[in-house]
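Inspection log for the structure reproduced underneath, given as structure tokens.
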Amino acid sequence: MQETTTSSRKLTVKDIITLTVLTVLMIVIAFGLNTATMFNHILNLVFAMGLICFLIAPLYVLMAHRVNKTGTIAFFMVAYALANTVMGYWYVGLFIAVCAVVCEVIMFKPNSYKTPWKNCIAFGIFSFTMLSTSFLPLWLFWDKFYATSTASGMSAEYLNTFKNFYTNGGILTGIAAFTVCAAVLGVIVGYVILNKYFKKAGYAD
Amino acid sequence: MKRYGLHIHVHVKLFLIVLTVVLTAVSSHKYFTPLAFAAVLIFALAQGYFKAAGYNGCFYGLFVGIVFMYNAFGWGDRIVSRYIFVIAANAMPSFFACYVFALTPPSEIASGLNGLRFPKSTGVAVVTLFRYFPTVGAETRAVRENMRVRGLGGLRQYLLHPMRSFICVLIPLLIRALGVAEQLSVSAVTRGAESKTARHSLYEKRFGIADAAWLALFAAGAFCLFYFGRA
Amino acid sequence: MIEFRNVTYLYKNGGGGVKNIDLTVNDGEFVVLCGRSGCGKTTLTRLANGLAYHFYAGRYDGTVTIDGKSVRDMPIFETGRLVGSVFQDPRDGFFAKYVEGETAFACENYGFSPTDIRARVAAALGAVGIENLRFAELKKLSSGEKQKVAIASVYAPAPKIYVFDEPSSNLDAAATLALADVMRALKADGKTVVVSEHRVNYLMNLADKFVYIDGGEIARVFTPREFANLSDAESAALGLRTPRPCAVNLPPRGDSGGGGNAGLRLNALSVSYGKKELISGFSLSLRPGDILAVTGTNGCGKTSLCRVIAGLKRQNRGEILFNGKKLPPRKRLAAVYYVANGADNQLFSSSVRDELLLGLKADPKTRERADAILAEFGLSEYADRHPLLLSGGQKQRLTLAVAFMRDRSVIVLDEPTSGLDLTRMRHVADAIKTASVSGKIIIVVSHDAEFVNRVCNKSVIIGS
């Protein structure tokens with residue numbers, strides 16, 4: 001008897017639709033949590049990204065095992081980049097797109113998306129990328145960012161506090177460590193969920 | 001049902017112009033964002049999107065008003081930072097432009113993207129996005145309702161058993177999402193989504209004088225903002 | 001012409017499939033594939049429209065050809081030009097917001113010019129009789145109208161073959177008759193039609209032959225006369241629903257009388273959906289052990305009424321009493337267990353046993369009770385299985401078992417037999433009778449007249 005499926009590495013319509021549906025859910029969770037924590041600046045900039053990555057990691061793991069083709073993580077990262085661009089941060093979009101290419105290089109070999117440790121690394125890079133976007137204005141466009149923000153109504157005193165806080169190496173390292181650890185932990189939890197619910201029910205292999 | 005007046009490529013290009021203007025942040029002129037918002041508002045009203053103009057206008061006014069009150073009354077940022085409202089107000093022009101863009105039938109966007117040499121898969125993703133995104137809220141509500149029936153819902157349960165609550169919302173939502181993805185895929189592939197021919201749209205129209213006029217108007221407006229607004 | 005030559009197809013995950021199929025469907029023929037759930041009739045439709053080769057993972061032997069061209073060798077989009085496919089629940093397969101956009105979807109994909117697309121859309125809407133719905137929003141349509149839109153969308157590119165997979169599953173009686181009219185028009189147009197169904201009574205005057213499939217193989221081919229002459233007992237032995245028209249034949253609701261305050265009482269209830277009041281001044285009285293059938297056309301308010309009874313929605317006016325006490329929505333949630341249409345959203349655990357124990361203390365006494373309830377509902381052998389791996393009927397029995405475990409006095413079921421064959425329908429009916437014998441009040445919303453006649457002891461028609 002002959003097998004029906006061929007081992008094509010190209011994304012098919014089925015893959016694109018699956019990726020889009022799961023990406024929509026991930027972005028809704030991410031933006032929802034980001035907005036919910038934005039009322040408190042410390043909560044938003046210190047803890048939010050780690051929490052978001054922890055919660056969307058199971059969806060990433062499911063996506064990786066369902067699609068398992070080159071372009072999986074890039075699809076999600078580019079979609080996230082576009083969503084950020086629409087919300088007003090074009091340089092964020094560009095930065096994420098570059099990091100997406102880096103992640104795809106890591107996941108290039110066949111069945112990389114079914115390898116837990118590779119998924120941990122790729123998603124860890126994703127989480128660090130997301131975190132970095134908060135500090136890109138500081139690192140790249142501080143003068144313009146300062147001018148635009150003060151013109152929009154932000155107080156100079158507040159902006160200087162923001163700058164002092166996030167140019168402190170110790171604080172930044174702590175936030176980055178928390179975020180990446182939360183992301184990796186999320187992938188581990190994602191595998192527990194995948195094995196217990198989805199593999200057992202035949203939704204992933 | 002509304003009939004859309006402009007060629008889809010014009011929609012795409014106007015959207016990109018507004019996005020570029022707003023996001024380049026070349027100028028720190030304080031009327032930069034309001035002018036960009038006003039431009040999109042005029043475009044929306046000219047297209048007949050009165051409801052969209054009303055909703056977005058109200059939200060923009062609300063965010064600007066709140067920032068004004070922070071500045072006028074000297075409210076502090078300790079508990080609720082004004083930053084969120086500043087970001088929201090600055091993002092409104094591009095968000096509004098995106099909203100107006102999203103009112104275009106997805107099939108027209110898909111064929112427009114195809115015409116702009118984007119791969120056909122981009123059109124599939126756009127159409128799926130427009131199809132699935134509006135249903136996420138209803139799907140989540142349905143799952144939470146089922147949790148209430150089982151005695152697993154409510155604030156008390158969410159606080160006492162956060163992980164269990166998260167799993168109880170996530171698992172059915174994901175299973176339902178995978179089911180919808182499969183049904184959409186079956187529906188798409190049996191109706192030619194993988195065909196190699198260029199995609200057209202029921203709503204396609206020819207590029208006309210109105211399209212050229214709007215493009216010229218927006219390009220001129222962007223030029224003026226850049227030229228007169230430069231620091 | 002569709003030809004199946006010694007076709008065997010087995011799914012990679014091991015479920016279902018077909019073996020040694022030899023079948024010819026001639027041009028213009030109307031063929032009904034029937035059999036128990038899991039017999040392989042859906043697999044045959046997937047072989048005809050190419051999904052089995054290009055979408056699902058499996059192993060195959062033999063050939064399927066359409067007008068001499070191998071389906072396996074054709075890309076699926078080419079098969080889509082020849083074969084239009086209509087599925088059980090069209091709602092999840094829609095992409096557009098409006099009817100005309102959805103109708104145009106296939107033509108847009110195939111690259112027809114805008115002028116051609118507009119002409120084909122108009123022709124398709126006319127052929128199916130929904131020109132008046134051209135600018136309607138899809139989400140506001142009834143199930144029958146949605147099914148017509150699905151047919152129009154595959155009609156537009158003008159395929160010569162139409163394949164339907166259980167198209168009447170979610171339709172009420174009137175919508176099923178309307179579906180039959182559309183199929184009649186396709187047949188009159190000379191189209192080839194293949195329908196996979198187990199509710200076959202609406203196809204009796206349409207089919208040229210009935211192909212009965214059992215265990216993945218063609219067991220018998222009936223002529224229309226032979227099929228029509230099957231007695232109810234014979235069709236039941238084949239696992240088929242009755243081939244004869246079936247209407248609800250139950251005494252109307254009335255006051256149960258006597259028994260004092262025991263049971264559920266609805267007094268002058270008014271229920272809305274959005275801003276529209278669907279039900280007004282509705283009164284009803286049910287005693288422990290009653291099984292009430294709630295019927296009516298799609299959109300008349302059956303589901304809204306059930307959600308009000310379950311405490312998920314407030315009524316506009318009127319009151320609901322249980323055992324003589326008024327029940328506000330929050331208390332109704334504790335007394336009523338509501339099983340919505342589509343059981344997958346209501347399954348949260350990774351095993352059948354855990355599903356019963358979810359949210360309860362996992363002490364030995366509770367576990368014992370769970371095992372006893374599983375035995376009562378015939379689910380003991382599936383105790384460690386993932387709920388999503390159960391069949392449709394088993395999932396329904398599981399949701400009833402959960403209602404028992406939660407010790408709710410009233411159980412409301414919304415379309416519990418949607419898509420179920422005769423055997424599984426009977427299992428669900430038996431489980432419901434078990435529940436009512438123990439004193440539960442059961443309310444069932446259903447279009448399934450066979451099921452209602454079998455299990456309910458009274459009925460109410462909403463909208464009458």
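Every chain is numbered from 1, with letters handed out A, B, ... down the list of sequences.
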Under a 4.5 Å cut-off applied to non-hydrogen side-chain atoms, are L170(B) and F348(C) in contact?
no

Show, in sequence, the C-alpha distance, side-chain angles and deciding distance for F77(C) and T190(B), and conclude whether the side chain to side chain contact (heavy atoms under 4.5 Å, CB included) test is met.
CA-CA 6 Å; F77(C) 62 85; T190(B) 54; over 6 Å; no

Where on S185(B) is there a heavy atom nearer than 4.5 Å to chain C: the side chain, the backbone, both, or neither?
both

Report yes if the side chains of L184(B) and F94(C) come closer than 4.5 Å at any heavy-atom pair, otherwise no.
no

Which of the residues Q183(B), H161(B), R150(B) is involved in the greatest number of heavy-atom pairs with chain C at under 4.5 angstrom?
R150(B)

With a 4.5 angstrom heavy-atom cut-off, could you sort out which part of R81(C) is near chain B: side chain, backbone, both or neither?
neither

Heavy-atom pairs under 4.5 Å with chain B - which of G359(C), G93(C), G84(C), A310(C) has more of them than the others?
G93(C)

Chain B heavy atoms under 4.5 Å from F95(C): which part of the residue, side chain, backbone, both or neither?
both

Region of A104(C) in contact with chain B, defined by heavy-atom distances below 4.5 Å
side chain

Could you look at E182(B) and say if it's the side chain, the backbone, both or neither that has a heavy atom under 4.5 Å from chain C?
both

For chain B, which of H54(C), R408(C), K97(C), R134(C) has the most heavy-atom pairs under 4.5 Å?
R408(C)

Of the backbone (N, CA, C, O) and the side chain (C-beta and beyond), which part of I175(B) lies under 4.5 Å from a heavy atom of chain C, both, or neither?
side chain

With a 4.5 angstrom heavy-atom cut-off, which part of A188(B) approaches chain C: side chain, backbone, both or neither?
both

Apply side chain to side chain contact (heavy atoms under 4.5 Å, CB included) to residues R199(B) and Y110(C) and explain how you reach the verdict.
CA-CA 7 Å; R199(B) 201 177 193 281; Y110(C) 284 121; over 6 Å; no

Report which part of A193(B) has an atom under 4.5 Å of a heavy atom belonging to chain C: side chain, backbone, both, or neither.
both

Apply side chain to side chain contact (heavy atoms under 4.5 Å, CB included) to residues Y98(C) and L202(B) and explain how you reach the verdict.
CA-CA 12 Å; Y98(C) 299 101; L202(B) 174 73; over 6 Å; no

Answer yes or no: does atom OH of Y158(B) have more than 12 heavy-atom neighbours from other residues, nucleotides or ligands under 6.0 Å?
yes

After noting the C-alpha distance and the side-chain angles of Y203(B) and R118(C), does the key distance pass the side chain to side chain contact (heavy atoms under 4.5 Å, CB included) rule?
CA-CA 9 Å; Y203(B) 308 107; R118(C) 287 175 202 127; over 6 Å; no

CZ of F166(B): more than 12 outside heavy atoms within 6.0 angstrom?
yes

Considering the options V412(C), L312(C), V336(C), which one meets the side-chain contact (heavy atoms from CB on, under 4.5 Å) requirement together with V149(B)?
L312(C)

Answer whether the closest heavy-atom distance between the side chains of F112(C) and H200(B) falls below 4.5 Å.
no

Most heavy-atom pairs under 4.5 Å with chain B, out of G80(C), G101(C), P114(C), P90(C), belong to P114(C)

Under 4.5 Å to a heavy atom of chain B? For L51(C) that would be side chain

Given that the side chain runs from C-beta out, which part of Q88(C) has a heavy atom under 4.5 Å from chain B: side chain, backbone, both or neither?
neither

Quick check: do L152(B) and L358(C) have side-chain heavy atoms less than 4.5 Å from each other?
yes

Qualifying residues under side-chain hydrogen bond (donor to acceptor under 3.5 Å, both in side chains), relative to Y11(C), sequence neighbours excluded
T43(C), R46(C)

Can you tell which part of V86(C) gets under 4.5 Å to a heavy atom of chain B, answering side chain, backbone, both or neither?
neither

Can you give me the closest heavy-atom contact between K120(B) and N109(C), atom names plus distance?
NZ-O, 3.1 Å

Contact origin within R164(B) toward chain C - heavy atom pairs under 4.5 Å:
side chain

Looking only at heavy atoms, what is the nearest atom pair of S153(C) and R191(B), with distance?
OG-NH1, 3.1 Å

For the candidates S187(B), G179(B), S195(B), P172(B), which exhibits the highest count of non-hydrogen atom pairs separated by less than 4.5 Å from chain C?
S195(B)

Most heavy-atom pairs under 4.5 angstrom with chain C, which of T197(B), V169(B), L173(B)?
T197(B)

R131(B)/E102(C) ion pair, N-O < 4.0 Å
no

Other residues, nucleotides and ligands only: do more than 12 of their heavy atoms fall within 6.0 Å of CG on L159(B)?
yes

If you measure from the Lys or Arg side-chain nitrogens to the Asp or Glu carboxylate oxygens, is any gap between K196(B) and E78(C) under 4.0 Å?
no

Got a second to check how far L347(C)'s CG is from C168(B)'s SG, nearest 0.5 Å?
11.0 Å

